[in-house]
Amino acid sequence: MSRIPQVVTCKAAICWGLGQPVTVEEIQVDPPKATEVRVKMLCSSLCHTDITSLQGFPHMKFPRALGHEGVGVVESVGDQVTTLKEGDVVIPTYIGECETCENCVSGKTNLCLTNPVRLTGLLPDETSRMSIRGQRLYHVLSCATWSEYMVSDVNYVLKVDPTIDPTHASFISCGFSTGYGAAWKEAKVESGSSVAVLGLGAVGLGAISGAKAMGAAKIIGIDKNEKKREKGEAFGMNHFINPSDSAKSVSELVKEATGGMGVDYSFECTGIPPMLTESLEATKMGTGKTVVVGIPAEPTVPLGLIAILLGRTLKGSVFGGLKVRSDLSIVVDKSQKKEFPLEELWSHEVPLEDIKNAFVILKEPSCLKIVIKMSHL
């Protein structure tokens, strides 16, 4: 006779409202419904999106259970789940892939219409399996990974090899893969081309790695943190620009490094509004292509119209254009073959109970990715 899942009481990182501190509190996590899985988290990590979520991205619903990167083990499954079983190792995603809708079969986008990006803070049936003191908890996107247990619709998780390094799995569940996909799937960087990456966090380093894999000849990394030079080189960067060393604009410095022409492709990974125009102007007139990856805190940002009128292309991107089943599984395989040095991303580790300290560490120049370890391990 199969075991009937019960409500689980566990610890999770919670934010009660705009401007409120992050607290670690006991919450209740209900059993999964028919098409859902409940996951015991192994570890999570901190992404820039988690910072913007405290500022009201992508919705203004509180209290919310935080986190969207991570890896865990399936603890229980709904009675209609056939693709996963208890004990499977999975990583959460915030977009699905049904493989049959108009967008999935088009080959032009990863934005599935059947399993779209969740922007309501709830599961697909518009409810939540998480609560605190009888009050509903919202997610940031499809689930909440800064929790010892979480529930997700089965279409928003990807089964991975159980031998995968948990920290690496967490990194590729969002940040690194977003950058990698931006170069691979969104820009489709051509061999022998030139690339500029603005912002060398995990996303930017992923873009550098993707550009290298696609055969880019000149890969320029741009960051005010001099410590990022070494990290960029580890992932494939061959030219570094520190804007703090010059009074010139970023686009001017990129053009200086490319004989006055600019690059073929640029990737805006900072989320800093003025950098959007700079990233466009850093590309070649008439043919340059910019992919926006960084998420700003503001819903609208200024844009220099001349940069667009001169024939450049500005492309939006969600999860780097990666399809969960078709593409993310390839990134997972590459990580296990050590085709990119994911260990270079890991700079700090904190237990879930000390999550407040993670936001302090994040401001340190040496910080790149913070691993959040679960207390139940």
Side-chain angles (χ1 to χ4, degrees), residues 15 17-20 22 46-62 64 66-69 94-95 103 108-113 116-122 138-142 174-175 178-179 181-183 185-187 196-204 206-207 222-224 243 249-254 262-263 265-283 285 288-322 359 362-363:
C15 181
L18 289 176
Q20 297 297 309
V22 175
L46 182 61
C47 175
H48 176 73
T49 302
D50 298 313
I51 307 301
T52 59
S53 74
L54 301 177
Q55 301 164 342
F57 174 85
H59 55 78
M60 294 294 290
K61 298 172 182 176
F62 293 91
R64 66 177 63 176
L66 302 170
H68 68 288
E69 289 188 340
Y94 56 88
I95 189 170
N103 277 4
K108 298 177 181 179
T109 177
N110 66 329
L111 296 178
C112 178
L113 299 175
V117 180
R118 303 295 310 163
L119 299 176
T120 64
L122 298 169
Y138 294 90
H139 311 141
V140 175
L141 294 165
S142 64
C174 180
T178 296
K185 288 293 178 177
E186 290 289 13
V197 179
L198 285 72
L200 303 188
V203 176
I222 303 151
D223 203 293
K224 289 185 175 182
S249 68
V250 168
S251 58
E252 289 174 321
L253 294 171
V254 170
V263 292
Y265 307 93
S266 71
F267 299 88
E268 205 305 285
C269 304
T270 69
I272 300 172
M275 289 300 102
L276 186 57
T277 297
E278 285 298 310
S279 62
L280 268 170
E281 293 184 343
T283 65
M285 182 171 62
K289 186 172 187 177
T290 294
V291 179
V292 183
V293 189
I295 300 176
E298 301 86 351
T300 58
V301 296
L303 178 65
L305 185 58
I306 295 298
I308 286 282
L309 290 177
L310 291 176
R312 299 178 177 94
T313 300
L314 179 63
K315 179 77 168 66
S317 174
V318 171
F319 198 38
L322 295 177
F359 294 95
L362 197 62
K363 299 176 183 178

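Atom set for the values below is all heavy atoms of this structure, side chains included, hydrogens, waters and symmetry mates excluded.
- If you take CD on Gln55 and SG on Cys15, they are separated by 10.5 Å, rounding to the nearest 0.5 Å.
- Contact record, Ala182 with Val293: CB-CG2, 3.9 Å, taken as the closest heavy-atom pair.
- Leu253 has its side chain out of reach of Ile222: every pair of non-hydrogen atoms, C-beta onward, lies at least 4.5 Å apart.
- Residues forming a salt bridge (charged side-chain N to carboxylate O under 4.0 Å, His left out) with Arg118 (at least two apart in sequence, or on another chain): Glu126.
- A heavy-atom distance below 4.5 Å is not found between the side chains of Tyr265 and Thr283.
- Inter-residue side-chain proximity for Val140 and Pro58 is flagged as met; some heavy-atom pair is nearer than 4.5 Å.
- Counting only residues at least two apart or in different chains, salt bridge (Lys or Arg N to Asp or Glu O under 4.0 Å) contacts with residues 301-319 comprise Glu186-Lys315.
- In this view, Leu303 and Leu276, Thr277, Leu280, Ile308, Leu314 satisfy the side-chain contact (heavy atoms from CB on, under 4.5 Å) rule, not counting sequence neighbours.
- For Glu268, the salt bridge (charged side-chain N to carboxylate O under 4.0 Å, His left out) test picks out no residue, with sequence neighbours left out.
- Of the possible polar contacts, one joining the Asn110 side chain to the Val318 backbone as a donor-acceptor pair under 3.5 Å is found.
- Not counting sequence neighbours, the partners of Leu305 by the side-chain contact (heavy atoms from CB on, under 4.5 Å) test are Leu309.
- You'll find the side chain of Leu310 stays beyond 4.5 Å of the side chain of Glu281, heavy atoms only.
- Not one N or O on the side chain of Asn103 forms a donor-acceptor pair closer than 3.5 Å with the backbone of Thr109.
- With sequence neighbours excluded, the residues satisfying side-chain contact (heavy atoms from CB on, under 4.5 Å) with Ile295 are Thr49, Phe57.
- Among all heavy-atom pairs drawn from Leu18 and Gly56, the shortest one is CD2-N, 3.6 Å.
- With sequence neighbours left out, the side chain to side chain donor-acceptor pair (under 3.5 Å) criterion links Ser266 to Thr290.
- Across every non-hydrogen atom of Val197 and Cys269, the tightest pair is CG1-SG, 4.1 Å.
- The shortest side-chain heavy-atom distance between His59 and Leu119 does not fall under the 4.5 Å cut-off.
- Residues that satisfy the side-chain contact (heavy atoms from CB on, under 4.5 Å) test with Thr313, not counting sequence neighbours, are Lys289.
- Taken to the nearest 0.5 Å, the SG atom of Cys174 stands 11.5 Å off from the CD1 atom of Ile95.
- Remark: side-chain polar atoms of Tyr94 are paired, donor with acceptor, to backbone N or O of Phe319 under 3.5 angstrom.
- The CD atom of Glu252 lies 7.5 Å from the CD atom of Glu278; values are rounded to the nearest 0.5 Å.
- Across every non-hydrogen atom of Ser251 and Ala282, the tightest pair is CB-N, 3.8 Å.
- Taking Asp50 as the reference, His68 meet the side chain to side chain donor-acceptor pair (under 3.5 Å) condition, with sequence neighbours excluded.
- One finds the OG1 atom of Thr120 at 9.0 Å from the NE2 atom of His139 (value rounded to the nearest 0.5 Å).
- Listed here is the closest heavy atom pair of Arg64 and Ser53: NH1-O, 2.8 Å.
- The backbone N or O of Gly320 sits nowhere less than 3.5 Å from a side-chain atom of Lys185 that would complete a donor-acceptor pair.
- Heavy-atom minimum distance, Phe267 versus Ala187: CZ-CB, 3.6 Å.
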